[in-house]
2 protein chains.
Amino acid sequence: MTITIYDVAREAKVSMATVSRVVNGNPNVKPATRDRVNEVIKRLNYRPNAVARGLASKKTTTVGVIIPDISNIYYSELARGLEDIAKMYKYQTIISNSDNDAAKENDIFNNLLSKQVDGIIFLGGTLSSETLQLIQSTSVPVVVSGTHDVEETLPAVNIDYKKASREITERLLEQGVKRFAFVGGGYSEKARLDVQAGMEAVLTEHQLHLDPSAVYIGNEQYLDGEKAFHHIKDTQPEAVLCISDEQAIGIVHAAQDAGLSIPDDLQIISFNNTRLVQMVRPKLSSVMQPLYDIGAVGMRLLTKFMNDEEIEETNVVLPYRIDYRGTTK
Amino acid sequence: MTITIYDVAREAKVSMATVSRVVNGNPNVKPATRDRVNEVIKRLNYRPNAVARGLASKKTTTVGVIIPDISNIYYSELARGLEDIAKMYKYQTIISNSDNDAAKENDIFNNLLSKQVDGIIFLGGTLSSETLQLIQSTSVPVVVSGTHDVEETLPAVNIDYKKASREITERLLEQGVKRFAFVGGGYSEKARLDVQAGMEAVLTEHQLHLDPSAVYIGNEQYLDGEKAFHHIKDTQPEAVLCISDEQAIGIVHAAQDAGLSIPDDLQIISFNNTRLVQMVRPKLSSVMQPLYDIGAVGMRLLTKFMNDEEIEETNVVLPYRIDYRGTTK
DNA sequence: TTGAAAGCGCTAACAC
DNA sequence: GTGTTAGCGCTTTCAA
């Protein structure tokens, strides 16, 4: 019932091989026969079976995507960039949510390998040593976007969080800020560590330090931002660096509800650069990282691995910009 | 190098058929041989090739997802619900962005069919007659979540937008509102038509009507909300119904910037129920539709089709709730 | 309870 | 340029 390459061959009075050639754009086919085959393909409404092709050719033109949570606006933006490039290179993407759970991640990896994906792109989470070992034991290329594996051994694309954090801290210091706070947590552990490290390094250089009570690690959500504010407020911070935009907005509102004026009493800056930054008043100052591009460049890097192209740099660092908007002076 | 079912069979001194049986949990295997095979599987680190299995069994345990834009928070929430249920039923999801473009949709459908997906779930967009025809010509089940096809012939899960719209309009009328505005646009045409129809029906019943200049159709974004406000403001609306949360927030801010007080001078209510509603001040009044569930129930419905389960209702209408928060009186 | 054997629909040598 | 022929790794009758 479903029509196969064999039906087309018979109808066009050629061999399967020839049909395969025209379907795959192989130039070694006489134009006349090519036309004839194409005519039959159209008439019979022939659609090549990608599964059979995958089995025979050992290529599935499918890549796996492991994402902590697609409903998180930060990750869905990465996913969008990545999918656009995948489509451009004729790949389909199988997307799975890991919830930052090592066991789930490992399951997903196994499923993806069993599906014979041509490559895998990892958007953040734990990347346990078990999973890492699994990766090492296969020949399927893996690229990491927007995060790092702990040992920084996998190809990755990122921005330089530490540098951004240093830059911000220095500017704040110049303005006379003395008491800092830091709010992190959620999926992006790499970002959290780098941002905090960058800030602490600069503070140390200025004979200052970060009060441990001014550090809050929670999740990435709005309501958690409100919690964060109440956690840090007793240290009377003058400025808070916050990874997540949602959390930062929660802090803004909690601070305002507590009678503080933003940015006069408290300055806030976030790092995730989602569309949310412009949707609060005052508008949120933030590090503008190129989310879409981080996903897109990651996928492009992966295509290079999959097609054995030459690769100049496996650790891509993308530029960022810092936008000082309404929540900073 | 890659180890196959044949290697396991040889090593366990059984036939491929028996290995296949234990891998697939077929009960007709003597426990002793089952254990022996399992031991070899573990020792050899055998991972079944899903592509080969798909070719032989004509089932891929893969479903296709067509989504307008995964970076849109409304759709990514649907996608999350859907993926969770898919995983629960052991399906993988191939996700593709259509950008609401009929040609892209058609391409995606064809790619999905060529990959031999077991089912397809459609989250919104155009669903052109060409694509619809394609669907009709295959036996692959298709379910629509969060929207409808124009002819309402496909299985779908939704909320009753028209009813919600009527309810809101009636309440606003009771409060004495006379001048209404409507802002829609973007991907969810079905919602737009229903909401507008519901409002206009109630207005007509009350010998009122919607000023055509008080209707703005744009896209779903924040900045477009600001545009929307300036488009409708001359009609001096007292209340605006707006599909998209982002757009609604844009209207709130534009109105405030124009010196209006929300909700005293202008009431605003939106329909998409993303997490954004709580991130503005005043908080956005909105229709709470169960986004996650709309995706999840859609996928559950699809699994029923794929497994030939009995289906009571192919047109599922989920409940909603209306939360009157700060942007309405 | 187990095995033999025939495909599933295609690609990729290799021959002509 | 084109055809023949092995597989790819698995499921699934059908026998035994």
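Protein chains get the first letters and strands the later ones, always in sequence-line order, with residue 1 at the start of each.
- In this structure, the CG atom of A/Leu55 is 18 Å from the P atom of D/dA6, given to the nearest Å.
- No contact: A/Val23 has no heavy atom under 4.0 Å from any strand.
- Rounded to whole Å, the distance from OH on B/Tyr6 to P on C/dG3 is 13 Å.
- Rounded to whole Å, the distance from CE on B/Met16 to P on C/dT1 is 21 Å.
- OP1 or OP2 of C/dG9 sits under 4.0 Å from a side-chain N or O of B/Lys58.
- Residue A/Ala17 has its side chain nearest to D/dG3 when only C/dG3, D/dT11, D/dG3 are considered.
- Residue A/Val14 is classed as a sugar-phosphate contact, given heavy-atom separations below 4.0 Å to backbone atoms only.
- Between A/Asn24 atom CG and C/dA13 atom P there is a gap of 13 Å when expressed in whole angstrom units.
- For A/Thr18, taking side-chain heavy atoms from C-beta onward, the closest of the listed nucleotides D/dT12, D/dG7, D/dG3 is D/dG3.
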Show your working on salt bridge (Lys or Arg N to Asp or Glu O under 4.0 Å) between A/Asp99 and B/Arg80 and close with a plain yes or no. CA-CA 11 Å; A/Asp99 289 317; B/Arg80 179 65 215 235; 2.9 Å; yes
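- Remark: B/Asn28, B/Val29, B/Lys30, B/Thr33 in residues 25-46 of chain B come within less than 4.0 Å of DNA chain C through at least one heavy atom.
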Before you tell me yes or no, could you show the steps for B/Asp84 and B/Tyr292 under side-chain hydrogen bond (donor to acceptor under 3.5 Å, both in side chains), namely the whole-Å CA-CA distance, both residues' side-chain angles and the distance that decides it to 0.1 Å? CA-CA 10 Å; B/Asp84 281 356; B/Tyr292 181 94; 2.5 Å; yes
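- Note: CD1 (A/Ile3) to P (C/dG9) measures 11 Å, nearest angstrom.
- Residue A/Lys13 contributes atom NZ, which lies 12 Å from atom P of D/dG3 at whole-angstrom precision.
- Listed for the A/Asp149 side chain is a donor-acceptor partner under 3.5 Å among the backbone atoms of A/Thr153.
- For the pair B/Ser20 and D/dT11, the criterion of a side-chain N or O lying under 4.0 Å from OP1 or OP2 is met.
- The closest donor-acceptor contact from the side chain of B/Asn24 to the backbone of B/Asn26 lies at 3.5 Å or more, if one exists at all.
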Checking side-chain hydrogen bond (donor to acceptor under 3.5 Å, both in side chains) for the pair A/Thr303/A/Arg300: CA distance, chi angles, key distance, verdict? CA-CA 5 Å; A/Thr303 62; A/Arg300 177 65 185 105; 2.5 Å; yes
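- Formation of a donor-acceptor pair under 3.5 Å by the A/Arg47 side chain with backbone atoms of B/Ser114 is not found in this model.
- Side-chain contact annotation: B/Lys104 with B/Ser96, donor-acceptor N/O pair under 3.5 Å absent.
- Going from atom CD1 of A/Ile5 over to atom C1' of C/dG9 covers 8 Å, rounded to whole Å.
- In terms of phosphate contacts, A/Thr2 brings a side-chain nitrogen or oxygen within less than 4.0 Å of OP1 or OP2 of C/dG9.
- Regarding contacts with the backbone of D/dG3, a side-chain N or O of A/Ser15 is found under 4.0 angstrom from either OP1 or OP2.
- Both A/Arg21 and A/Ala50 lie close to DNA chain C; mapped to their nearest nucleotides by heavy-atom distance, the more 5′-ward contact belongs to A/Ala50.
- In this model, the phosphate group of D/dC8 is not approached by any side-chain N or O of B/Asn49 to a distance below 4.0 Å at OP1 or OP2.
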Give the C-alpha distance, both sets of side-chain angles, the deciding distance and a yes or no for side-chain hydrogen bond (donor to acceptor under 3.5 Å, both in side chains) between B/Lys58 and B/Gln116. CA-CA 8 Å; B/Lys58 299 183 171 302; B/Gln116 315 299 117; over 6 Å; no
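- Atom CD of B/Gln116 is separated from atom P of C/dC10 by 9 Å (rounded to the nearest Å).
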